[in-house]
Amino acid sequence: MTRSTTCASRSATSPPSWKAGCGRPSRSQFLQTAELLAGWDYRVEVYTGAEVRRRLEPALTMPGEVPVVFYPDEAWVHGRHLVGRLVGQAVASGAELRSGTAVCDIGIGADGSIRTVALSDGSCLDVNNVVNAAGPSASHVAGLIARHLPMRREPGVVTRIDCAQVPVRRVMHAPHLEIRPDGDASVVLHSREIDALIDTGEDPAQLARMLHESARHVVPELGNSRIAQTRVADRPIPADGFPSVGAVPSVPGYYEAVSHSGITLGPVIGRLLASEILSGKRDEMLADFRPERFPR
């Protein structure tokens, strides 16, 4: 995990992703990124639009000569299925799941270490450690121990559309739109340009319709799909744009795991943080992302 690249999740059963560069300036940006990654021995292949339709994604519409950057080692993860499986395994191993219950307070002992967690259902848990993985609400949870965790305000809108059959198999970054499969009968849509309209007061339903319309231009088979869900939420990004992961030395027992791209970085963050909690040893991989860079 570095500051200058985006980690790609991999799965043996998931197909790779591709990124299309069409039009100015998107084409140059995609190709520059591909050149940079290739220089780091990251596998990159460049096809024409015609080759992509013939070999990879026949449902797409794009000019035949347009360059398409393809990353054969990348894959997508079905977040809901993954989280459900991991939680199920944790419960089977003895963990207790409290779902839909908010944290109201975190108690600190006379020695300054974590002692209790109070929940919205009235219960109070005796604990030794707390991991703040509250995403966009991480600043609120940090505030319960009088810690200031500055977060960016960067809202985004994501729309899921249902279709009889998912016409694409790979994550795609097309001009003005990002598309990924979401199981066997739905597709998720996102656009940074649509995100920019959130603060203009545009109705989220209209933003969803704009995303849907853009998707139909890229994948005409989505013309018969329907909008199933639209969510507008703040991204969990600390103020300097980088993850906040690890212990806060001034409050023994309190840890943070706050980052954007959580479904991608989650596996490595989880392993590194679990090791730190159990052993007390700090991994150098997290050196640039320690919470203490934000003064309490």
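The figures that follow rest on heavy atoms only: side chains count, while hydrogens, waters and symmetry mates do not.
Not one N or O on the side chain of Ser259 forms a donor-acceptor pair closer than 3.5 Å with the backbone of Gly262. No donor-acceptor distance shorter than 3.5 angstrom exists from the side chain of Ser275 to the backbone of Arg271, with no hydrogens or angles considered. In terms of modelled atom types and a separation under 3.5 Å, the side chain of Arg98 and the main chain of Asp121 share no donor-acceptor contact. Of the possible donor and acceptor atoms, none in the side chain of Ser191 sits under 3.5 Å from a partner among the backbone N and O of Leu177. Between the Glu51 side chain and the Thr48 main chain, a donor and an acceptor come within less than 3.5 Å of each other. For Ser186 (side chain) and Asp182 (main-chain N/O), a donor-acceptor pair under 3.5 Å exists by modelled atom type. Side chain of Glu45 to main chain of Tyr71: no donor-acceptor pair is present (N/O by atom type, distance under 3.5 Å, no hydrogens or angles).
A salt bridge does not link Glu292 to Arg290: none of the charged side-chain nitrogens sits closer than 4.0 Å to a carboxylate oxygen. Looking at Asp283 and Lys281, no side-chain N of the basic residue comes within less than 4.0 Å of a carboxylate O on the acidic one, giving no salt bridge. Look at Glu178 and Arg192 and you find no salt bridge, because none of the NZ, NE, NH1 or NH2 atoms lies under 4.0 Å from a carboxylate O. A salt bridge between Asp240 and Arg293 is present, with a side-chain N of the basic residue lying under 4.0 Å from a carboxylate O of the acidic one.
Val157 and Met172 fall within a single hydrophobic cluster, where Ile, Leu, Val, Met, Phe, Trp and Tyr side chains are chained together by heavy-atom contacts under 4.5 Å. Tracing side-chain contacts under 4.5 Å through hydrophobic residues (I, L, V, M, F, W, Y), one reaches Phe70 starting from Val52; they form part of the same cluster.
The number of heavy-atom neighbours closer than 6.0 Å to CD of Glu202, taken from other residues, nucleotides and ligands shown, is above 12.
Once rounded to the nearest 0.5 Å, the distance linking CG of Leu286 with CG of Leu273 reads 8.0 Å. In this structure, the separation between CZ on Arg209 and OG1 on Thr159 is 10.5 Å, given to the nearest 0.5 Å. Taking CG of Leu144 as the start and CG of Asn132 as the end, the distance is 8.5 Å to the nearest 0.5 Å. The distance from atom CD1 of Ile198 to atom CD of Glu154, rounded to the nearest 0.5 Å, is 9.5 Å. Between the CG atom of Leu272 and the CD1 atom of Ile277 there is a distance of 11.0 Å, given to the nearest 0.5 Å. To the nearest 0.5 Å, atom OG of residue Ser225 and atom CG of residue Leu189 are 8.0 Å apart.
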Evaluate His217 against Thr61 for side chain to side chain donor-acceptor pair (under 3.5 Å), listing each step before the verdict.
CA-CA 7 Å; His217 286 294; Thr61 177; over 6 Å; no

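Relative ring orientation between His78 and Trp76 is described as tilted, the plane-to-plane angle lying within the 30° to 60° band.
The minimum heavy-atom distance between Met151 and Gly135, with the atom names listed, is CE-O, 3.8 Å. Shown here for Pro238 and Ser244, the closest heavy-atom pair between the two residues is CG-N, 4.0 Å.
Under 3.5 Å, the side chains of Ser214 and Arg216 contain no donor-acceptor pair of N or O atoms.
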